[in-house]
> 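Let me give you the structure first, and then I'll get to my questions.
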Amino acid sequence: MTKSEFREDGKSQRAVIKGLTDTGEAANNIMKLAPGLWQSNPDAWQHLVDVYAMRIRLTHTYHRTNPNIVFETVLNDLPALESQSGRTS
């Protein structure tokens, strides 16, 4: 899906935003369960903090959500988060 298509497709926007808020909630839970991660892997910790911050923003300022930022986050930032998790495609 192109950015233009995404901007015009409210259903896809809502689905992606829901996935990001769920991911943000999972990040919050990880930080609670593994508070020592910030010392052992500060890069991964920062990704979790950023994901949770986006969850807060999407949840509480949903009326000002910019679909361009959501699209760019999925395109550019989620792969970095995945690489921190140690998973491979």
Side-chain angles (χ1 to χ4, degrees):
M1 176 175 268
T2 66
K3 187 187 289 190
S4 296
E5 291 168 336
F6 183 74
R7 287 184 53 78
E8 299 300 319
D9 187 352
K11 187 176 180 180
S12 291
Q13 289 177 33
R14 288 186 299 279
V16 169
I17 289 168
K18 173 67 169 126
L20 289 172
T21 59
D22 290 352
T23 302
E25 191 57 33
N28 187 41
N29 289 331
I30 291 168
M31 291 187 295
K32 287 178 183 177
L33 293 171
L37 182 62
W38 73 271
Q39 291 175 320
S40 64
N41 193 337
D43 290 337
W45 185 266
Q46 188 58 55
H47 282 290
L48 295 172
V49 169
D50 293 344
V51 170
Y52 184 63
M54 185 160 193
R55 177 234 180 255
I56 294 297
R57 185 165 186 98
L58 289 171
T59 302
H60 297 287
T61 59
Y62 57 88
H63 56 284
R64 294 190 326 218
T65 298
N66 183 331
N68 291 323
I69 293 172
V70 172
F71 186 86
E72 292 297 326
T73 296
V74 170
L75 189 66
N76 299 316
D77 298 327
L78 285 184
L81 179 65
E82 184 178 32
S83 73
Q84 287 294 321
S85 73
R87 292 179 15 189
T88 58
S89 300

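In this text the structure is predicted, and so the values were computed from the model without any measurement. Sequential numbering from 1 along the given sequence is applied to the chain's residues.
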> Could you tell me which residues satisfy side-chain hydrogen bond (donor to acceptor under 3.5 Å, both in side chains) with R7, sequence neighbours excluded, listed by chain and number?
N68

> Quick one: side chain to side chain donor-acceptor pair (under 3.5 Å) pairs with a partner in residues 27-36, sequence neighbours left out?
none

> Hey, could you give me the CG/CE distance between D77 and M54, rounded to the nearest 0.5 Å?
8.0 Å

> Which residue pairs satisfy the ring pair (Phe, Tyr, Trp, His ring centres under 6.0 Å) criterion with at least one member in residues 2-37, sequence neighbours excluded?
F6-F71

> For E5, which residues count as a side-chain contact (heavy atoms from CB on, under 4.5 Å) partner, sequence neighbours excluded?
M1, T2

> If the condition is side-chain contact (heavy atoms from CB on, under 4.5 Å), which residues does R57 pass it with, not counting sequence neighbours?
T61, R64

> Return the set of residues passing side-chain hydrogen bond (donor to acceptor under 3.5 Å, both in side chains) with T65 (not counting sequence neighbours), or none when no residue passes.
none

> So, taking the atom named CD1 in I30 and the one named NE2 in H47, what distance separates them when rounded to the nearest 0.5 Å?
13.0 Å

> Measure the OG1-CD1 distance between T59 and I56 for me, rounded to the nearest 0.5 Å.
6.0 Å

> If you look only at distance, which donor and acceptor atoms sit under 3.5 Å apart when one is on a side chain in residues 16-27 and the other is two or more places apart or in another chain?
{"unit_1": "K18", "atom_1": "NZ", "unit_2": "D22", "atom_2": "OD1", "d": "2.8"}
{"unit_1": "K18", "atom_1": "NZ", "unit_2": "D22", "atom_2": "OD2", "d": "3.3"}
{"unit_1": "T21", "atom_1": "OG1", "unit_2": "I17", "atom_2": "O", "d": "3.3"}
{"unit_1": "T21", "atom_1": "OG1", "unit_2": "K18", "atom_2": "O", "d": "2.9"}
{"unit_1": "T23", "atom_1": "OG1", "unit_2": "G19", "atom_2": "O", "d": "2.8"}
{"unit_1": "E25", "atom_1": "OE1", "unit_2": "R55", "atom_2": "NE", "d": "2.9"}
{"unit_1": "E25", "atom_1": "OE1", "unit_2": "R55", "atom_2": "NH2", "d": "3.4"}

> Roughly how far apart are W45 CH2 and Q39 CD, rounded to 0.5 Å?
10.0 Å

> Side-chain contact, heavy-atom cut-off 4.5 Å: V70 with Q13?
no

> If the condition is side-chain hydrogen bond (donor to acceptor under 3.5 Å, both in side chains), which residues does Q46 pass it with, not counting sequence neighbours?
D50

> Got a sec, which residues hit side-chain hydrogen bond (donor to acceptor under 3.5 Å, both in side chains) with N66, two or more places apart in sequence or on another chain?
none

